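For reference, the structure discussed in these notes is given below.
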Amino acid sequence: MNDMNDSGALFSGQMVAALRHARHVVVLTGAGVSAESGVPTFRDAQTGLWARYDATALATPDAFRADPALVWGWYEWRRAAVMRAAPNPAHAAVAALARQVPELTVITQNVDDLHERAGSAGVIHLHGRLMQPRCFQCGTPWRYPAGVPDEPEGGRRVTPPDCPRCAGPIRPGVVWFGEGLPADEWQSALAAAAGCDLMLAIGTSALVYPAAELPQIAVNTGATLVQINPQATSLDGIAHWNLPGAAGITLPALLRAAFVGGMNETA
Ligand code: BV8
Ligand code: ZN
């Protein structure tokens with residue numbers, strides 16, 4: 001799984017010590033942390049009705065204006081997948097880490113609620129939340145009917161509901177490409193990245209901005225950067241340690257190595 005260091009330990013002793021003695025840890029996650037829960041990443045090829053579309057093209061205000069039923073259908077299909085999914089050991093490890101270090105800040109690019117369902121509190125959602133729709137026109141929050149939307153495997157067009165206040169179309173509560181990030185969340189993320197002494201970048205290709213700036217900001221302010229990702233990314237060059245494994249295996253193992261008794265004792 002991970003590069004064995006010369007003493008045969010799974011992780012370098014220096015890295016384990018850095019985590020064990022960290023004062024403020026930031027965990028930055030991307031779609032890869034939810035991959036083992038069966039939630040497709042942005043890199044994964046789109047399937048069914050969406051196979052003909054590039055995700056970054058669908059996730060835009062223009063795409064919604066041009067074909068609201070296509071885009072709303074896509075988000076209903078993703079929401080169904082997330083509601084059927086369960087947090088995996090990586091989400092559980094992030095939640096357990098909060099009890100092992102003096103201060104933990106969880107920053108995610110994911111619009112799913114798997115960190116929260118695993119027990120993480122105060123998660124900073126840079127790109128919004130699938131479960132918080134609102135009116136595209138007047139911004140009035142809207143509530144989904146109870147239950148998992150019954151979406152066909154291959155997806156389908158679904159006309160978005162009308163806003164009870166202005167009859168405008170309801171949109172997903174996510175940040176689309178070309179839209180600014182929520183100001184408070186972004187300011188909190190910037191402050192945490194600049195103030196932490198160790199950042200774990202987990203399951204992100206670090207290609208979407210401004211979120212992809214956070215690891216560099218952490219390194220520039222003296223933090224140790226540890227990346228967990230089975231593939232190479234643009235972070236390989238700035239990370240102090242690259243752990244080329246699946247988050248659901250690597251992160252629990254790292255916690256066990258760093259904290260006596262690891263997760264079990266705290267779970
Ligand atoms: C903005 C919500 C302006 C919606 C998302 C600077 C340079 C270049 C471009 C830009 C720039 N600044 C801005 C831009 C434009 C754009 C951008 O970055 N484009 C990219 C494509 C080049 N940014 C924007 O548009 C941002 N807004 O700039 O607005 C503005 C400013 C002020 C006022 C008004 C306007 C908004 C960006 C947010 C867009 N919304 N999501 C939705 O979900 O539908 S982004 C979305 O894509 C995700 O949230 C995430 O951020 C990104 C996908 O990246 P990842 O999460 O990393 O996932 P990915 O699939 O790519 O990779 C998965 C990784 O996991 C892989 O590396 C894989 O190896 C790994 N993995 C797989 N399995 C596992 C694993 N790892 C561990 N364990 C495993 N088991
Ligand atoms: Zn409205």
Side-chain angles (χ1 to χ4, degrees), residues 1 27-46 50 53-64 71-72 74-79 81-82 88-91 93-94 107-112 124-130 132-142 160-183 185-186 189 200-216 227-236 242-252 254:
M1 173 172 50
V27 169
L28 172 68
T29 65
V33 81
S34 296
E36 292 155 84
S37 296
V39 177
T41 72
F42 266 66
R43 293 310 94 196
D44 292 338
Q46 303 257 88
W50 329 117
Y53 304 93
D54 164 14
T56 50
L58 274 177
T60 64
D62 294 347
F64 186 68
V71 173
W72 184 257
W74 183 48
Y75 283 97
E76 280 298 82
W77 181 82
R78 291 174 60 187
R79 188 168 71 93
V82 165
N88 66 61
H91 298 109
V94 171
I107 304 170
T108 190
Q109 299 165 73
N110 301 343
V111 295
D112 66 48
I124 298 173
H125 282 262
L126 292 178
H127 297 161
R129 301 163 185 250
L130 262 181
Q132 295 185 357
R134 64 181 187 276
C135 174
F136 187 50
Q137 220 156 257
C138 73
T140 300
W142 188 78
D162 293 338
C163 168
R165 189 154 163 270
C166 76
I170 299 298
R171 60 161 291 168
V174 301
V175 178
W176 279 330
F177 288 94
E179 294 184 323
L181 274 50
E185 279 79 0
W186 180 238
L200 284 163
I202 306 173
T204 184
S205 58
L207 294 173
V208 171
Y209 289 79
E213 293 167 15
L214 294 170
Q216 187 68 65
Q227 176 178 223
I228 300 179
N229 194 315
Q231 308 290 328
T233 74
S234 58
L235 298 180
D236 285 41
N242 285 299
L243 307 180
I249 297 167
T250 306
L251 191 56
L254 177 57

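Remember, it's a predicted structure, so these values are computed and weren't measured experimentally. Counting from 1, the numbers follow the sequence of the chain as shown. Whatever order the structure lists ligands and atoms in, that order sets their numbers, starting from 1.
For the pair Gly30 and ligand 1, the shortest N or O to N or O distance does not fall below 3.5 Å. Geometrically, ligand 1 and Arg78 share a nitrogen or oxygen pair separated by less than 3.5 Å. No N or O atom of Ala59 sits closer than 3.5 Å to an N or O atom of ligand 1. Ligand 1 has an N or O atom lying under 3.5 Å from an N or O atom of Gly178, backbone or side chain. Not one N or O of Asn110 is nearer than 3.5 Å to an N or O of ligand 1, by distance alone. Polar contact check, Trp74 against ligand 1: no nitrogen or oxygen pair lies under 3.5 Å apart.
For atom 77 (C) of ligand 1, the nearest protein heavy atom is under 4.0 Å away. Atom 37 (C) of ligand 1 lies below 4.0 Å from at least one non-hydrogen atom of the protein.
Residue contact annotation: Ala211 has no non-hydrogen atom under 4.0 Å from ligand 1. For the ligand labelled ligand 1, residue Gly128 lies outside the 4.0 Å heavy-atom shell.
Using a 4.5 Å heavy-atom threshold, the side chains of Leu181 and His127 count as touching. Inter-residue side-chain proximity for Ser205 and Phe42 is flagged as unmet; no heavy-atom pair is nearer than 4.5 Å.
Atom 4 (C) of ligand 1 has its closest protein heavy atom at Val175 O, 3.4 Å.
Note that CH2 of Trp142 is 10.0 Å distant from CG of Asp162, once rounded to the nearest 0.5 Å. Interatomic distance, CD1 of Ile202 versus CG of Leu251, reported as 4.5 Å (0.5 Å rounding).
Side chains of Asp62 and Thr60: no donor on one and acceptor on the other come within 3.5 Å.
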